[in-house]
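Read through the structure below, which is laid out as structure tokens, and then see the notes.
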Amino acid sequence: MSDVATEGLTEVVIYADGACKGNPGPGGWGAWLKSGEHEKELFGGDKLTTNNKMELTAVIRSLAALNQRSRVTVYTDSVYVKDGITKWIHGWKQRGWTTADKKPVKNIELWQQLDTLNAAHSVSWRWVKGHSGDPGNERADQLANRGVDSVLR
């Protein structure tokens with residue numbers, strides 16, 4: 001059965017990952033995007049960051065790279081990202097971007113960017129166990145490590 005809201009949308013698969021050498025420390029993000037026969041690799045890094053920021057950045061940069069509304073399946077090995085965007089964000093927004101214990105949400109700017117991009121597409125979120133041999137996740141991990149290397153030169 002077809003969902004009218006997503007009918008005709010381009011299908012995109014994204015594998016996204018973050019890496020950090022020290023937490024905080026130099027970090028990288030990487031993503032592999034695939035749509036039909038088309039593939040794209042993205043990566044980058046920051047000299048001083050955290051693993052969670054890099055995990056979020058990988059997904060944000062991936063969704064931002066799409067030039068039209070798409071039906072997207074995002075694979076991430078980050079429970080923080082998956083649960084944050086599918087569960088926790090609703091309460092954060094209701095409470096004015098504060099956590100259940102009334103503290104400001106960490107990485108709020110990144111979460112707000114992700115929230116906007118998530119709404120711009122039809123996104124399904126999937127958790128995949130990291131370093132378990134999943135080819136897409138392994139490729140995203142390699143790209144994230146390239147991102148780390150790019151800021152260490």
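Sequence positions, counted from 1, serve as the residue numbers for this chain.
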_Taking Asn51's backbone N and O only, do any of them form a donor-acceptor pair with Asn23's side chain (distance below 3.5 Å, no angle check)?_
yes
_Shortest non-hydrogen separation from Pro24 to Thr50 and the atoms involved_ = CB-CG2, 4.2 Å
*Heavy-atom distance under 4.5 Å between the side chains of Gln113 and Leu110, does that happen here?*
yes
*Any donor-acceptor pair under 3.5 Å linking the side chain of Ser78 with the backbone of Thr76?*
no
*Verify whether one side chain among Asp101 and Thr99 offers a donor that lies under 3.5 Å from an acceptor in the other.*
yes
*Main-chain N/O of Val72 paired to His121 side chain as donor or acceptor, under 3.5 Å*: no
*Closest approach of Ala31 and Ser62, non-hydrogen atoms and distance?*
CB-OG, 2.9 Å
*Do Ile89 and Trp125 sit in the same hydrophobic cluster, where Ile, Leu, Val, Met, Phe, Trp and Tyr count as joined when their side-chain heavy atoms come under 4.5 Å apart?*
yes
*For Glu55 and Trp29, does a side-chain donor sit closer than 3.5 Å to a side-chain acceptor?*
no
_Option from Lys34, Arg139, Arg61 for which salt bridge (charged side-chain N to carboxylate O under 4.0 Å, His left out) with Glu41 holds_ = Arg139
*Hey, are the side chains of Thr49 and Cys20 touching, using non-hydrogen atoms and a 4.5 Å cut-off?*
yes
*asked:* Within this structure, what is the OG-CD1 distance for the pair Ser124 and Ile14, rounded to the nearest 0.5 Å?
replied: 11.5 Å
*Look at the side-chain heavy atoms of Ile, Leu, Val, Met, Phe, Trp and Tyr, link any pair under 4.5 Å apart, and say whether Val148 and Leu48 land in one connected group.*
no
_So Arg69 and Leu9, do their side chains get closer than 4.5 Å, heavy atoms only?_
yes
_Any donor-acceptor N or O pair under 3.5 Å, side chains Glu11, Ser35_ = no
*asked:* Membership question, hydrophobic clusters at under 4.5 Å side-chain separation (ILVMFWY): are Trp88 and Ile108 in the same one?
replied: yes
*asked:* Run Lys129 and Asn137 through side-chain contact (heavy atoms from CB on, under 4.5 Å) and show every step you take.
replied: CA-CA 8 Å; Lys129 184 175 181 178; Asn137 180 254; over 6 Å; no
*Any idea how Trp32 and Tyr15 line up, ring-wise: parallel (<30°), tilted (30 to 60°), or perpendicular (>60°)?*
parallel
_Please determine whether residues Val12 and Val128 belong to a single hydrophobic cluster, defined as Ile, Leu, Val, Met, Phe, Trp and Tyr linked transitively by side-chain heavy-atom distances below 4.5 Å._
no
*Which residue pairs pass the salt bridge (Lys or Arg N to Asp or Glu O under 4.0 Å) test with at least one member in residues 78-87, sequence neighbours excluded?*
Asp83-Lys87
_With a 4.5 Å cut-off on side-chain heavy atoms, are Thr10 and Arg71 touching?_
no
*Which pair of heavy atoms, one from Ser150 and one from Gly44, lies closest together, and at what distance?*
OG-C, 4.4 Å
*For the pair Leu143 and Glu138, evaluate side-chain contact (heavy atoms from CB on, under 4.5 Å) and give the outcome as yes or no after the intermediate values.*
CA-CA 9 Å; Leu143 290 165; Glu138 296 296 333; over 6 Å; no
*asked:* Do Asp141 and His131 have side chains that approach each other closer than 4.5 Å (heavy atoms only, starting at C-beta)?
replied: yes
*Looking at side-chain heavy atoms only, is the closest gap between Gln112 and Trp97 below 4.5 Å?*
yes
*Considering residues, nucleotides and ligands other than His90, do more than 12 of their heavy atoms fall under 6.0 Å from its NE2?*
yes
*Run the numbers on Thr98 and Lys103 for side-chain contact (heavy atoms from CB on, under 4.5 Å), then give the verdict.*
CA-CA 5 Å; Thr98 58; Lys103 294 181 179 161; over 6 Å; no
*Do Val13 and Leu33 have side chains that get closer than 4.5 Å, going by heavy atoms?*
no
_Under 4.5 Å side-chain heavy-atom separation, chaining through any Ile, Leu, Val, Met, Phe, Trp or Tyr, what else clusters with Val79? Say none if it is isolated._
Trp127
*Measure the CG-CG distance between Asp17 and Asn145 for me, rounded to the nearest 0.5 Å.*
8.0 Å
_Tell me whether Ile60 shares a hydrophobic cluster with Trp92, the cluster being built from Ile, Leu, Val, Met, Phe, Trp, Tyr side chains joined at under 4.5 Å._
yes
*Hey, mind stepping through Leu42 and Lys40 against side-chain contact (heavy atoms from CB on, under 4.5 Å) and telling me if it holds?*
CA-CA 7 Å; Leu42 303 172; Lys40 187 172 196 169; 3.9 Å; yes
*For residues Asn107 and Tyr80, is any side-chain donor paired with an opposing acceptor at under 3.5 Å?*
yes
*Going by heavy atoms in the side chains, are Val59 and Ile85 under 4.5 Å from each other?*
no
